[in-house]
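To start, the structure itself, in structure tokens.
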Amino acid sequence: MNSVISKRDVKLLLYAGGILLLVLAYFFGYQKFMEKREVLEAEQGRLQQQVDRLNEIYAGRDEYEKQITAYNAEMIQIFNNYPAEVREEDTILYASELEKKNEIRVSNIGISPAIQMYSLGDNLGAAGTDAAAATGDQAAADAAAADSGQTLDQQLGILDEASVTLPYFSLCNTAVAYDFTTGYNDCKSVFAMILESAEKRNVSAISLTYDTETGLLNGNMNVNMYYMAGTDKVYEEPDAGSIAHGKEDLFGTVEQKNEKSDGDSQKETKKKKSE
């Protein structure tokens, strides 16, 4: 039995095939193209934001550099007010300085261990340094592998705020208790001298008792001596001046021996003359 396809059926088959091709082209071609286009548009929007940010940074470059210079100068000025360290000899010689410039007698000094009050940045100890050195090759390999995935900010040297590693600084305090005897006006002069010191110091507590026999004040004060660790400053040993070390021969044995030797020689001379 021979089947004959009419022209009408042929046209319908062609129409159906065309529609099928359009559906396949949409799902396998146009839809993927649109998805890729959306990805590219999103990437373009992100890059445009970075370009706008870079243009803004570049436009304010001079102002940023001025602010950085001003902040660095201010930071250095603040750090210069703090010594590199406060040791026991500093606290003792400070009492001597107070006595030289004021009518005050310090009878006892109590020195507390230094405490850390505030720290900024990360402080890697020896163990951290050794660990970093041991994994240096691996870190270099990871950095090389990550270069290809760097963002535009990283490639241009613009650091993300969360990724910035701050230098390590530590503000420490050594508390010193001084027992002293002084007059009323000299007591006020001592406090003024401490507060006006070029180095950061203050009086955190004070106790005063009036002595009716001498008319002086017996007191105790706690002085906080602050210092900053982690700066470029180097600890300078205080100048204690010249100190008398006493007599070379405390019991005078050298002089007595010499006198005895001189007396024996004189007796021998007299004996020879008499002979």
Side-chain angles (χ1 to χ4, degrees), residues 32-87 90 114-174 195-202 224-237:
K32 290 185 177 180
F33 173 78
M34 292 300 295
E35 291 176 355
K36 187 174 182 180
R37 179 183 175 182
E38 291 177 357
V39 173
L40 292 176
E41 287 179 350
E43 181 68 14
Q44 182 181 4
R46 186 181 66 82
L47 293 175
Q48 185 62 45
Q49 291 179 354
Q50 290 184 343
V51 170
D52 295 340
R53 181 186 173 204
L54 293 175
N55 289 331
E56 182 180 356
I57 293 175
Y58 182 79
R61 181 182 61 178
D62 295 338
E63 183 63 25
Y64 294 149
E65 291 179 351
K66 290 180 181 178
Q67 291 181 4
I68 291 173
T69 303
Y71 289 150
N72 287 337
E74 184 178 356
M75 181 176 65
I76 293 174
Q77 184 178 2
I78 293 174
F79 286 173
N80 287 337
N81 292 330
Y82 294 90
E85 189 179 355
V86 174
R87 299 182 181 178
D90 298 299
I115 60 173
Q116 184 184 75
M117 302 186 63
Y118 178 79
S119 63
L120 175 67
D122 297 328
N123 182 21
L124 293 178
T129 304
D130 295 340
T135 60
D137 295 338
Q138 182 63 35
D142 295 341
D147 286 342
S148 58
Q150 284 185 338
T151 63
L152 181 61
D153 285 357
Q154 293 172 337
Q155 295 175 8
L156 295 176
I158 301 175
L159 299 177
D160 184 16
E161 182 178 354
S163 65
V164 175
T165 302
L166 298 174
Y168 175 75
F169 298 109
S170 177
L171 177 62
C172 302
N173 171 39
T174 298
L195 296 178
E196 294 173 359
S197 173
E199 299 176 342
K200 293 295 183 179
R201 295 169 180 172
N202 65 15
N224 293 324
M225 298 186 177
Y226 303 98
Y227 66 90
M228 182 78 72
T231 64
D232 295 333
K233 297 182 71 173
V234 179
Y235 175 77
E236 297 180 0
E237 295 184 359

Qualifying residues under side-chain hydrogen bond (donor to acceptor under 3.5 Å, both in side chains), relative to [X], sequence neighbours excluded:
{"X": "Glu43", "result": "Arg46"}
{"X": "Asn202", "result": "Asn224, Tyr226"}
{"X": "Ser170", "result": "Gln116"}

(request) With the side chain counted from C-beta on, respond yes when Met228 and Phe169 share a heavy-atom pair under 4.5 Å apart, and no when they do not. (result) yes
(request) Hey, could you give me each pair passing salt bridge (Lys or Arg N to Asp or Glu O under 4.0 Å) that has a residue in residues 60-86? Not counting sequence neighbours. (result) Glu85-Arg87
(request) Please name the pair of heavy atoms, one in Met117 and one in Asn173, separated by the smallest distance, quoted to 0.1 Å. (result) SD-CB, 3.4 Å
(request) Would you name the heavy atoms of Thr174 and Ala114 that are closest together and state the gap between them? (result) OG1-CB, 3.5 Å
To the nearest 0.5 Å, tell me how far [X] [atom1] sits from [Y] [atom2].
{"X": "Leu171", "Y": "Lys200", "atom1": "CG", "atom2": "NZ", "value": "10.5 Å"}
{"X": "Glu41", "Y": "Gln48", "atom1": "CD", "atom2": "CD", "value": "13.5 Å"}
{"X": "Asp232", "Y": "Phe79", "atom1": "CG", "atom2": "CZ", "value": "9.5 Å"}
{"X": "Arg37", "Y": "Leu40", "atom1": "CZ", "atom2": "CG", "value": "10.0 Å"}
{"X": "Ile57", "Y": "Asp52", "atom1": "CD1", "atom2": "CG", "value": "11.0 Å"}

(request) Using the test side chain to side chain contact (heavy atoms under 4.5 Å, CB included), find all partners of Glu236 that sit at least two apart in sequence or belong to another chain. (result) none
(request) Please determine, by modelled atom types, if Asn81 and Gln77 share a side-chain donor-acceptor pair under 3.5 angstrom. (result) no
(request) Just jot down the ring-ring contact (aromatic ring centres under 6.0 Å, His included) partners of Tyr64, sequence neighbours excluded, or say none. (result) none
(message) Could you check whether atom CG of Asn72 has more than 12 heavy atoms from other residues, nucleotides or ligands sitting under 6.0 Å from it?
(response) yes
